[in-house]
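Notes for the one structure printed next.
Just so we're clear, the structure is a prediction, and the values are computed from it rather than from any experiment.
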Amino acid sequence: FILWLIADGKQYVCFIDPKGLTHIRGFKDPKVQFAKEIKNIERRLNDPDVILDSFTVSNTYQREIDWWGDGNDIEKDFSSHHVLFQKEDGAYIDKIFRTMLART
């Protein structure tokens, strides 16, 4: 899905990939890494009025893929990679909007 929001003269474009994560290779998977790659694309655009973002919204329970993390702060790991859990976090849509609009 693509969420496109225009606010205060800026365009916020967010790519949202709904998917199960049971068979994904962890944080190094290209679909998960896209959250970081999209920021590289944003820098290359060099337009302060265009903000790009990406999220993976998983229908997998986090406990099923806790092995992805390094054991320190797994929730921070998922958050920093823009992985949200649809079944466990009823406010995941709010998190997407807050993250997008944090760069006003």
Are side-chain heavy atoms of [X] and [Y] found at a separation under 4.5 Å?
{"X": "Asn59", "Y": "Leu21", "result": "no"}
{"X": "His81", "Y": "Gln33", "result": "yes"}
{"X": "Ile96", "Y": "Cys14", "result": "yes"}
{"X": "Asp17", "Y": "Phe55", "result": "no"}
{"X": "Leu5", "Y": "Phe97", "result": "yes"}
{"X": "His82", "Y": "Thr99", "result": "yes"}
{"X": "Ile51", "Y": "Met100", "result": "no"}
{"X": "Asp49", "Y": "Gln11", "result": "no"}

Going only through I, L, V, M, F, W and Y residues with side-chain contacts under 4.5 Å, is there a path from [X] to [Y]?
{"X": "Trp4", "Y": "Ile41", "value": "yes"}
{"X": "Val57", "Y": "Ile2", "value": "no"}
{"X": "Leu84", "Y": "Leu101", "value": "yes"}

Next on the checklist: What's the separation between atom OG in Ser58 and atom NZ in Lys87, rounded to the nearest 0.5 Å?
Outcome noted: 8.0 Å

Next on the checklist: Return the CD to CD distance between Gln62 and Glu64, rounded to the nearest 0.5 Å.
Outcome noted: 10.5 Å

Checklist outcome for this item: From the list Leu3, Ile38, Leu52, side-chain contact (heavy atoms from CB on, under 4.5 Å) with Val13 holds only for Leu52

Checklist entry - Parallel, tilted or perpendicular for Phe15 and Phe34, by the 30°/60° rule? => result perpendicular

Next on the checklist: Over 60° means perpendicular and under 30° means parallel, so tell me whether Phe85 and Phe78 are parallel, tilted or perpendicular.
Outcome noted: perpendicular

Checklist entry - Under the side-chain contact (heavy atoms from CB on, under 4.5 Å) criterion, do Asp53 and Lys39 qualify, and how do the steps go? => result CA-CA 7 Å; Asp53 231 319; Lys39 290 304 188 181; 4.0 Å; yes

Item to check | Lys31, NZ: over 12 other non-hydrogen atoms inside 6.0 angstrom | outcome: no

Next on the checklist: Using the rule given for side-chain contact (heavy atoms from CB on, under 4.5 Å), can you reason through Lys36 versus Asn40, listing the C-alpha separation, both sets of side-chain angles and the distance that settles it, and then say yes or no?
Outcome noted: CA-CA 7 Å; Lys36 296 198 184 301; Asn40 293 331; 5.7 Å; no

Checklist entry - For the residue pair Pro18 and Phe1, what are the closest heavy atoms and their distance? => result CG-CE1, 3.3 Å

Item to check | Verdict with supporting geometry, Lys19 and Ile24, side-chain contact (heavy atoms from CB on, under 4.5 Å) | outcome: CA-CA 10 Å; Lys19 73 182 314 72; Ile24 298 294; 3.8 Å; yes

